[in-house]
Structures are given as structure tokens and as C-alpha cells.
Amino acid sequence: MEINENNFERLGNYLQQTLNPDPEVRRPAERFIESIEVSQNYPLLCLHLIDRPQVDMTIRVAAAIAFKNFVKRNWGFHLDNDGPNKVSESDRSGIKSLIVPMMLKSPAAIQKQLSDAVSIIGKYDFPTKWPELMDEMIEKFATGDFHIINGVLQTAHSLFKRYRYEFKSQELWEEIKYVLDKMAKPLTELLQATLGLAEAHAGNKEALLVIYNSLVLVCKVFFSLNAQDLPEFFEDNMETWMKAFHGLLTVDVPCLKTDDDEDAGVLEHLRSQICENLCMYALKYDEEFGPYMPQFVTAVWELLVNTRIHTKYDSLVSNALRFLSTVAERSHYRHLFEDPNVLASICEKVIIPNMDFRVSDEELFEDNPEEYIRRDIEGSDVETRRRAACDLVKSLLQKFEAKIVEIFGQYLQVLLAKYAENTTNNWKAKDTAIYLVTSMASKGQTQKHGVTQTSELVPLPQFTQQQIIPELERADVNQLPVLKADALKFIMTFRTILGPQIIVATMPLVAKHLGATSVVVHTYAACTIDKILTMRGPDKQPIVTKEILSPLSAELIAGLFAAITVQGSNENEYIMKCIMRVLNTLQEASLPFMIVVLPRLTDILSTVAKNPSKPHFNHYLFETLSLSVKLVCKADPNAVSSFEEALFPVFQGILQQDVLEFMPYVFQMLSLFLEIREGKSNIPDTYLALFPCLLTPALWERPGNVTPLIRLLCAFVRQASTQISTDDKLNGVLGVFQKMIASKNNDHEGFYLLQNLLLYYPPEELGRSMRQIFSLLFQRLSSSKTTKFVRSFIVFLCLYSARVGPQALIQMIESIQAQMFGMVIERVFIPDINKVSGELEQKIVSVGITKLLCECPEMLAEPYVMYWPKLLQTVVQIFELPPDESAIDGDNFIEIEDVPGYQAAYSQLNFAQSKPVDPLQDVGNVRQYLVQNIGNLAQTNAGKVGTLIAALPADHQEALQKYCAQSGVQIA
């Protein structure tokens with residue numbers, strides 16, 4: 001792409017179309033930009049477009065976002081995916097020369113995007129391939145222009161914030177040391193200069209806003225540079241920094257106080273970040289920070305007491321509370337808290353006020369239920385006052401349990417009495433009481449089981465019966481919705497502690513609340529049912545069986561599908577997950593409801609496919625559909641055609657519209673349909689018409705498509721090999737195999753496809769390509785050998801030996817190069833066969849090697865007879881030893897595929913998984929198979945086999961004798 005006016009105008013038009021809400025306009029524009037982004041000069045074109053003040057601001061911002069996305073997708077692609085380098089060297093150097101100066105002079109909205117792009121480039125190139133970046137940034141500190149300085153600080157923050165969570169490594173230490181040597185002193189000098197300017201401009205609001213924004217960024221960079229370890233420079237200059245932090249926490253700056261109750265101002269952001277920095281020092285550098293601790297405890301305490309309840313202070317208050325929690329957990333600071341008056345004061349002035357349900361919480365509950373739920377039950381409310389106050393209670397309970405329970409016990413009685421006086425108006429008192437009990441009672445908690453350990457001083461069953469159950473028993477499910485939500489959350493949180501009897505008894509009460517109009521209430525009801533249905537007793541069996549659930553099933557299914565029609569819950573992931581869980585618990589008892597369930601699910605899919613926006617909801621929707629298919633087709637396999645009839649039009653729309661998010665799911669479901677048909681009926685023409693499309697190269701470029709597409713391709717190979725052959729499509733399939741084998745990420749998928757071809761494709765036609773297939777595998781083995789590839793390669797060779805024949809295997813390898821099979825035994829089989837893991841894979845290997853040993857005359861003759869005992873030894877080791885987990889030399893490839901179901905942008909459907917197929921079903925006991933075949937061989941080669949076995953180590957010979965005794969076999 002040339003950098004010219006025509007292309008500027010063209011790119012600007014397409015970027016404008018990507019902002020169009022109409023998917024018919026937006027999607028083609030997005031596809032066009034995706035198609036041109038790998039063209040040379042595209043990123044430079046974006047940068048020049050961003051830099052044009054005459055261009056509309058929305059287009060410039062869209063160009064900045066497109067540029068950042070380009071960098072995100074392509075800059076490190078060749079390093080992360082073992083793929084081609086998608087960014088030319090000229091584009092790389094051009095971007096690096098332009099981006100920093102451009103970012104520093106850009107408006108804030110563009111500056112943010114370019115700063116993110118710098119941090120992504122920095123992740124791959126800094127400092128080794130971009131050494132000039134630090135000097136280029138630091139020299140800007142001297143300009144005195146705070147717009148430029150803040151741009152540099154924002155970039156430094158973006159670049160260094162990964163130090164907060166990266167694993168320790170020598171490479172990371174060296175990078176941080178390089179940064180500290182360059183940055184620590186100028187950053188400290190900038191802090192002091194900026195504080196001096198703040199004093200000089202006291203009362204000048206405009207100047208102070210810019211200055212304090214700089215201080216916020218300085219504090220963020222300080223956090224990142226100190227996150228891994230305490231740097232020597234900052235330890236030596238701790239007095240300077242702590243004095244600055246203390247001053248900024250305690251100084252009064254009236255002109256920076258805002259009237260806005262919702263959004264935090266710069267002063268709140270600064271103090272919040274300082275509290276976060278103090279928390280890190282208290283947690284990690286306790287000894288060095290110790291002398292400053294008392295003055296900061298006092299400063300933070302006073303800050304908390306004097307901070308009001310408005311939302312804008314939430315982040316500040318929660319970080320301040322976290323600091324106090326961190327200090328309270330340290331035994332040697334116990335003296336700061338152990339005075340009963342201090343504890344009572346903390347409870348009264350800090351904890352209780354920050355647990356109260358505020359007007360802003362009530363507005364969030366009613367107007368933005370999704371955000372309320374996200375903060376409250378997803379554990380993402382770490383930034384909320386309530387969570388931070390709860391954590392402080394837990395920290396104090398560790399050291400002062402009896403005293404804290406006594407103090408809060410008094411408050412609890414007051415709160416409950418206040419509620420009892422007027423239940424309609426004083427419900428917030430009970431809300432605080434329930435939260436207080438939850439905070440006091442919870443000691444140990446997991447996502448899977450809820451609270452698993454509680455304080456013995458808090459009588460939970462009694463509180464549940466007296467205060468929680470009555471809220472759920474009220475006739476009107478819409479009365480006092482916040483308390484309903486609290487009661488449901490309480491049952492969910494303490495489900496393990498309350499025990500099966502109470503939990504099962506509450507199920508009808510919980511189910512009733514699916515009918516609540518409040519989104520939060522019916523969501524919590526669905527979430528509670530879901531959690532209860534996953535609970536298991538000591539015998540590992542579900543505590544709620546289909547027999548227990550069946551009487552409630554009609555009410556549950558009706559309630560869940562009614563709830564999903566309520567505005568605000570149309571794409572509610574908790575409800576969809578609960579539907580899935582209920583159907584899975586009911587199993588065949590759910591079949592009578594399918595006549596209602598399936599049309600509803602299909603309608604929902606048709607609607608969300610037009611504009612997918614909720615990934616979790618979409619995933620559970622496809623899970624529920626897959627589960628429904630399995631349940632119905634288990635009872636009647638012919639019903640698969642009804643599902644195809646209902647879902648094919650929707651699937652066709654998804655594929656034609658190129659709905660990226662849904663395509664991996666569609667491929668999985670199509671595979672499921674074909675696997676249900678396997679051996680029962682022929683493939684319908686609709687599938688055969690789809691097959692050529694599956695070979696389109698563009699589909700295979702998207703990592704999320706690879707695994708489900710390979711599975712679908714294999715289903716076609718198993719059931720439609722004749723048609724593939726007739727339509728002359730084998731070369732297309734082998735093209736996919738070649739692409740997979742070339743990739744370290746996907747080579748195992750290539751072997752899975754090859755295994756299916758070997759087992760199901762007409763052998764005569766496949767045989768014509770087999771020498772080329774073997775050549776490709778040997779090329780990959782010599783060019784980039786990884787543990788995963790070698791394991792898969794060994795399994796394939798052994799499957800070839802078992803199914804086609806051991807002599808055919810030797811002939812095939814020898815046709816590539818004479819005497820090559822000996823090298824395979826010596827360099828692949830003997831050193832690495834014991835790296836193969838997995839029951840099925842080990843079976844294939846043991847049978848394949850057994851056939852080589854016993855059905856192949858070449859193995860008993862020179863030059864291969866010398867390997868016979870060693871190969872037998874490897875088979876015995878497969879049976880007797882655990883797999884060898886060591887990596888092959890030079891194999892530093894991180895095998896993300898070993899995590900089941902994981903791949904970037906690919907979500908495996910649990911209910912659409914395929915069952916592993918044993919290609920050697922006729923072999924039952926592999927040990928017996930081995931000794932029977934050796935016994936038969938010994939009869940025709942008297943004496944020779946015995947001599948070869950005698951060359952085995954003694955323990956291997958003993959193992960063989962044991963197999964013989966178990967199988968009633970004698971080796972002559």
C-alpha cells in the first residue's frame with residue numbers, strides 16, 4: 001500500500017464505516033481492514049492519518065484503535081505462534097521512529113491508544129531491539145511541558161506495569177535493572193521538582209490539575225518499579241519518597257476538591273495510588289518500611305474517618321482499608337490495634353460506615369444490575385468499600401477474634417432491632433447485619449465450594465433459620481428485593497457449611513425467586529440453584545439427584561425461561577448456566593420439557609447471532625444446545641435430523657455472515673451431529689455441500705477455528721471418504737495436514753487428522769501420497785523437534801505398523817533413504833518412546849512395537865537385530881514405569897495445548913466433546929498380546945528369541961516372566 005492521498009481517503013472511509021451500528025455496513029468494513037492490515041505501509045498509513053489535524057477526530061481515534069489492534073495482533077505473532085513475521089522491517093523501524101513524538105503531541109484519546117501500542121511493542125522489543133526508547137523518553141522530562149511529561153509518564157506506566165505480575169526470571173531482572181539505572185534518579189528528581197511546582201502554584205487550579213496528574217503517574221510508575229523487589233536506589237531514597245507520600249496524604253488542597261459525587265477527582269486518584277504503594281511496602285518490604293509505619297497508620301486512619309460516603313472516594317477508601325488490613329495481619333504491629341478502645345473505634349468509625357448500603361448502591365442495584373452483580377458475586381468487588389471493610393474484619397479476627405465478635409455482636413443486635421421496629425423503612429439495617437455476619441463468619445472460602453471454614457463464635461444455622469429463611473418465605477418475591485438478594489447470596493455463600501438438609505429444604509424457596517422482577521434477585525436465585533446442583537456429599541455423589549429435583553423441574557424450567565425474557569436478563573449468563581445445570585441433573589427426566597426448551601433455545605441463538613456481545617452467555621447457550629442434542633439423541637438417534645432442520649438455517653447464517661465468535665461453536669456442533677449419525681445413516685447432502693468450504697485457507701488462519709475444524713474434518717473422513725475421493729478433495733485435506741504439521745502449536749492436530757486418514761480413507765489412494773507425508777514428517781523432525789511432535793510421531797509410526805503392517809513401515813521409511821529405519825530406532829524410538837503418555841497412546845505404541853518385533857523378519861536379521869532387545873525393553877518400560885516427563889534438548893516451547901480445551905479464542909464445549917476411539921479394539925490385554933506374539937515367534941525361531949531376551953536387564957526379564965505366568969504362555 002502506497003502512502004498517498006487516495007489511500008488516506010479510502011482508509012478513512014472504511015474506518016468511519018466500522019463505527020456504524022448497522023452490522024451490514026460495519027462487518028464488511030471490519031473484514032476489509034483485517035484483509036489489508038498485513039500489507040506493507042498499512043501501519044504507517046494509520047499513523048499518518050492519526051497525525052492529520054484536518055481529519056475528523058472520530059476517524060483519527062478509530063485509526064489509533066485500528067493501529068493499536070494491528071500491533072496487538074501482529075507485532076509478536078511470529079514469536080508467539082511459530083508463524084510468519086507479519087510486520088516488515090521497514091514498517092517496524094518506521095513505527096518506532098514516529099510513535100513516541102506523535103504520541104506526546106496527540107490529544108488524550110489518541111495518546112492513550114498509542115501509549116498502549118508502545119507498551120505492546122516494548123513487551124517484545126524493549127530494551128534489546130529498542131534501546132533508544134528510554135533516553136528518548138527521559139530527555140523529555142527536561143522540557144518542563146507537562147503535556148509532554150505526562151505523555152512520557154503514561155507510556156512508562158504502560159511499559160512497566162507488566163513488572164507487577166510477571167514471573168521472576170534472570171531476563172526480567174536484567175531489564176528492570178536497566179530501567180532503574182536509567183529511570184530511578186530522573187523519576188525521583190521529577191517528583192521533587194513537581195512537588196516544588198505544586199507549592200509554587202498553590203491556589204492555581206488549572207496548574208495544579210496538570211501537576212497532580214503528573215504525580216498520579218509518578219506514583220503508578222513507582223509502584224511498577226518496586227513491585228518485584230525493593231531496588232537499592234529507592235531504599236536509599238526512601239525518606240524522600242515517604243515524606244512526599246505523607247505530605248500528599250495529609251495536605252489540604254481545597255481548589256482540587258470537586259462537586260461531583262460520582263467520579264473521582266485527581267486528588268482521590270493520587271491518594272488511592274499512594275495507599276496502594278504503602279500497602280505494597282507494608283506487605284513486601286516490612287523491615288525497611290517499619291520506621292514509617294506508625295505515622296502512615298495514623299495518616300490513613302484520619303483520612304478514612306474524614307472521608308465521606310460518596311462513590312468518588314470508593315477506590316481511595318478500599319485501598320486505605322487494605323493498607324490497615326495488611327498492617328493488622330502483622331504480629332509485630334499488634335500493639336497498634338490491641339487497645340479495646342481502638343478496636344471499638346475502628347469498628348464504629350471505619351468498618352460499619354463502609355459496610356452500609358448507600359444510595360449509590362441502591363441506584364446500581366436498580367439501574368445497572370449487571371454491574372452490581374459483577375461487583376458483588378463475581379469477586380470483582382475488590383475495589384468496593386464493602387469488600388475492603390470485610391477484609392479488614394477478617395484481618396482483625398485473626399488476632400482479636402473474641403473481642404471483635406463481642407463488639408460486632410452488640411452492633412448486630414442494634415441493627416436487627418432497628419429492622420424489627422420498621423421492616424419496610426429500616427431494611428438497610430438488616431442488609432448491613434447480614435453482611436456483618438458474613439464477614440465475621442467466613443474464614444476459608446473457595447470459588448467451587450463457597451465458605452468452607454467458619455468462626456465457631458458465630459452461630460450460622462441459628463442465624464439462617466431466624467433471619468435468612470423468613471426473608472425467602474415471604475409471599476411477595478418482589479418485596480424488599482435487596483434483602484431477597486442478600487438472603488439468596490447468604491445461602492449460596494454458606495452452602496457447604498449449612499449442610500445438605502437445610503440446602504435441599506431451601507430449594508423450593510430459591511426456585512420461587514426466579515419469578516422476581518428484579519434482575520439481581522432472579523439472577524441470584526439462578527446462581528444459587530446452579531451452585532447447589534454442583535454440590536457433592538462425602539460419597540462424591542450429588543446432594544441433589546434427579547429424583548429430588550424432578551418434582552421442582554416444571555417450576556424451575558418455566559421460571560428460568562420466564563426470567564430470561566425480563567428486560568436486562570435477555571443474555572443473562574447465570575440463567576443460561578442454570579438451565580444447562582438443571583437439564584444435566586435431570587438427564588432423561590428432562591425429555592418431556594424439550595418440546596418447549598428447544599424452540600426457545602433456537603430463537604435465542606437466532607437473536608444473539610445477529611450481534612454477539614456476551615461471551616459467557618453464548619458459551620452456556622451452546623453448551624445447553626449440545627446437552628439437549630445428546631439427551632434427546634441418546635433416547636432416539638434419528639432425532640438428530642430434527643435438530644439439523646431447526647439449527648442448520650441459523651448455522652448457515654453464522655457461517656455466511658462470518659460471525660467469528662460463533663464459528664468454533666458451530667463447527668463443534670456440526671461434529672456432534674455427524675458423530676451421532678456415524679454408523680447409523682448416510683451423510684445428508686447439506687453436509688457434503690459444506691465440505692469444500694471447510695478447506696478455505698482463510699478459515700484456518702484463525703486460531704480458534706483450528707481444533708473444532710480438525711474434528712469436523714475427521715468426522716467427514718470417517719463417514720464420507722468415498723465422496724471426498726470422488727470429488728478429488730484429498731489434496732485439499734492433505735494441504736490442511738501440511739499446514740498443521742508445520743506449526744508447533746498445531747502439529748498434534750495434524751497427527752489426529754493423519755490418524756483418521758490412515759484408519760478410514762481408501763488405502764490405495766492415500767498410499768499414493770504416503771511417501772510425501774512421511775517426507776514432510778521427517779523434514780519437520782530434523783528442522784524443529786519438540787517433545788510433543790516426537791510423541792505424536794512415535795504414536796503415528798506405531799499405528800502405521802499396527803494397521804498397515806511393520807514391513808510396510810520399514811519399506812516406506814527405507815524408500816526415503818536406505819538404512820534410515822535403523823536411525824529411527826536409534827534416535828527416535830529407543831530414547832523417546834517412554835515419553836509417550838496416555839492409556840490409548842501407550843496401547844498403540846506397545847502393539848506397534850510388538851508387531852515390529854514379532855511379525856517382521858527384518859528385525860531378526862542384520863543390521864536391525866541388534867535393536868531387538870532394546871525395543872522390547874522400551875515396551876516393558878511402558879508397562880512398568882511412569883511416562884518420562886523430561887523435555888527434549890532445546891525444546892523450550894511452552895505447550896499450551898496440554899491444557900485440555902485451551903486455545904486462544906477457542907472454547908471447548910463440554911457437552912459436545914467427542915469420545916476417544918480405540919483404533920485397536922481387537923487387542924484387549926496388551927501384556928498378554930506381547931508375550932503371546934513373542935511365544936509364537938520363539939516357536940519358529942527356536943533358541944534365537946531366548947538369546948535376545950537374555951540380553952535384557954534382569955528386572956525386565958522378571959517382568960516378562962510375570963506376564964507369561966499371568967497369560968499362561970511359555971517362551972521356548
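- Side-chain contact check for Thr707 and Gln908: no donor-acceptor pair (N or O, by modelled atom type) lies under 3.5 Å.
- Two residues are said to be in side-chain contact when any heavy atoms from C-beta on lie closer than 4.5 Å; Glu661 and Val659 meet this criterion.
- Judged purely by atom type and a 3.5 angstrom limit, Ser967 has no side-chain atom pairing as donor or acceptor with the backbone of Val969.
- A cation-pi arrangement is not found for Arg711 relative to Phe667, the charged atom failing to lie both closer than 6.0 Å to the ring centre and inside a 45° cone about the ring normal.
- Taking the side chain as every heavy atom from C-beta outward, Leu647 and Leu605 approach each other to under 4.5 Å.
- Looking at Lys680, its side chain does come within 3.5 Å of a backbone N or O of Ile676 through a donor-acceptor pair.
- Between the Asn933 side chain and the Cys854 main chain, no donor and acceptor come within less than 3.5 Å of each other.
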Give the intermediate values and the outcome of salt bridge (Lys or Arg N to Asp or Glu O under 4.0 Å) for residues Arg791 and Glu841. CA-CA 9 Å; Arg791 282 199 300 239; Glu841 288 79 4; over 6 Å; no

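- A donor-acceptor pair under 3.5 Å is formed between the side chain of Lys944 and the backbone N or O of Leu860.
- The aromatic rings of Phe751 and Phe793 are tilted relative to each other, their planes meeting at an angle between 30° and 60°.
- With rounding to the nearest 0.5 Å, the separation of CG in Leu627 from CD1 in Ile579 is 11.5 Å.
- Proximity of a side-chain donor or acceptor of Gln587 to a complementary backbone N or O of Asn584 within less than 3.5 Å is detected.
- Tyr963 OH to Arg927 CZ: the interatomic distance, rounded to the nearest 0.5 Å, is 5.5 Å.
- A pairwise comparison of heavy atoms in Leu730 and Ile724 identifies N-CG2, 4.0 Å as the closest pair.
- Crowding of Glu701 atom CD: a count of heavy atoms from other residues, nucleotides or ligands under 6.0 Å exceeding 12.
- Minimum interatomic distance between Gln807 and Pro857 (heavy atoms only, all atoms of both residues): NE2-CD, 3.6 Å.
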Checking Ser801 against Ile849 for the side chain to side chain contact (heavy atoms under 4.5 Å, CB included) test, could you report, in this order, the C-alpha distance in whole Å, the side-chain angles of both residues, the deciding distance, and whether it holds? CA-CA 8 Å; Ser801 166; Ile849 299 294; over 6 Å; no

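- Using a 4.5 Å heavy-atom cutoff, the side chains of Val736 and Leu709 are not in contact.
- The number of heavy atoms from other shown groups lying within 6.0 Å of CG (Leu881) is above 12.
- At least one donor-acceptor pair under 3.5 Å links the side chain of Gln842 to the backbone N or O of Val836.
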Where do Leu672 and Leu909 land on the side chain to side chain contact (heavy atoms under 4.5 Å, CB included) test, with the steps shown first? CA-CA 10 Å; Leu672 178 64; Leu909 291 170; over 6 Å; no

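- Of all non-hydrogen atoms in Pro612 and Asn618, the two that sit nearest each other are CB-ND2, 3.8 Å.
- To the nearest 0.5 Å, atoms CD1 (Ile825) and CD1 (Ile833) are separated by 9.5 Å.
- With Lys843 contributing its side chain and Leu920 its backbone, the two residues share a donor-acceptor pair below 3.5 Å.
- Here CZ of Phe789 is found 10.0 Å from CZ of Phe796. Values are rounded to the nearest 0.5 Å.
- How far CZ of Arg803 is from SG of Cys798: 14.5 Å, rounded to the nearest 0.5 Å.
- Ring geometry for Phe662 against Tyr665 counts as perpendicular: the plane angle is over 60°, on a 0 to 90° scale with 30° as the lower cut.
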Passes salt bridge (Lys or Arg N to Asp or Glu O under 4.0 Å), Arg73 versus Glu34? Steps please. CA-CA 10 Å; Arg73 277 195 290 264; Glu34 195 181 326; over 6 Å; no

After noting the C-alpha distance and the side-chain angles of Gln719 and Tyr760, does the key distance pass the side chain to side chain contact (heavy atoms under 4.5 Å, CB included) rule? CA-CA 8 Å; Gln719 297 177 63; Tyr760 302 102; over 6 Å; no

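- Glu588 contributes no side-chain N or O that, together with a main-chain N or O of Leu631, makes up a donor-acceptor pair within less than 3.5 Å.
- Checked by atom type, the side-chain pair Arg581/Thr585 shows no donor-acceptor distance below 3.5 Å.
- Evaluation of the side chain to side chain donor-acceptor pair (under 3.5 Å) test over residues 624-645, restricted to residues two or more places apart or in two chains, returns Glu644-Arg677, Glu644-Tyr687.
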Where do Phe774 and Tyr800 land on the ring pair (Phe, Tyr, Trp, His ring centres under 6.0 Å) test, with the steps shown first? CA-CA 11 Å; Phe774 270 81; Tyr800 195 92; 5.2 Å; yes

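- Checked by atom type, the side-chain pair Gln966/Gln928 shows no donor-acceptor distance below 3.5 Å.
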Under the salt bridge (Lys or Arg N to Asp or Glu O under 4.0 Å) rule, what do Arg27 and Asp658 come out as? Steps first, then yes or no, please. CA-CA 9 Å; Arg27 283 218 179 97; Asp658 201 21; over 6 Å; no

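- For Asn682, the CG atom sits in a loose shell: 12 or fewer heavy atoms of surrounding residues, nucleotides or ligands are nearer than 6.0 Å.
- Taking each heavy atom of Val923 and Val926 in turn, the nearest pair found is CG1-CG1, 4.2 Å.
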Carefully, step by step, assess Ile794 and Val845 under the rule side chain to side chain contact (heavy atoms under 4.5 Å, CB included). CA-CA 7 Å; Ile794 289 170; Val845 169; 4.1 Å; yes

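- Ion pairing between a basic and an acidic side chain is recognised when a charged N comes within 4.0 Å of a carboxylate O; Lys835 and Asp832 show such pairing.
- For the pair Ile741/Gln779, no side-chain contact is recorded, criterion being any heavy-atom separation below 4.5 Å from C-beta on.
- Here the side chain of Ser743 pairs no donor or acceptor atom with the backbone of Lys739 at under 3.5 angstrom.
- With a 4.5 Å cut-off on side-chain heavy atoms, Ser671 and Pro708 do not count as touching.
- Side-chain contact check for Gln668 versus Phe622: every heavy-atom pair is 4.5 Å or farther apart.
- Shown here are the ring pair (Phe, Tyr, Trp, His ring centres under 6.0 Å) partners of Phe737, two or more places apart in sequence or in another chain: there are none.
- Side-chain atoms of Tyr867 and Phe821, non-hydrogen and from C-beta on, never get closer than 4.5 Å to each other.
- Here Glu826 contributes atom CD and Tyr864 contributes atom OH; the two are 11.0 Å apart, rounded to the nearest 0.5 Å.
- Pairing each heavy atom of Leu853 with each of Leu937, the nearest pair is O-CD2, 3.4 Å.
- Salt-bridge check for Arg718 with Glu675: passed, with a basic side-chain N closer than 4.0 Å to an acidic carboxylate O.
- Looking at Glu880 and His956, their side chains never bring a donor and an acceptor atom within 3.5 Å of each other.
- The backbone N or O of Leu694 sits less than 3.5 Å from a side-chain atom of Trp700, completing a donor-acceptor pair.
- Summarising the geometry of Arg771 relative to Ile816, their closest heavy-atom pair is NH2-CA, 3.7 Å, with the distance given to 0.1 Å.
- Residues Leu872 and Leu960 meet the side-chain proximity criterion, which asks for heavy atoms closer than 4.5 Å.
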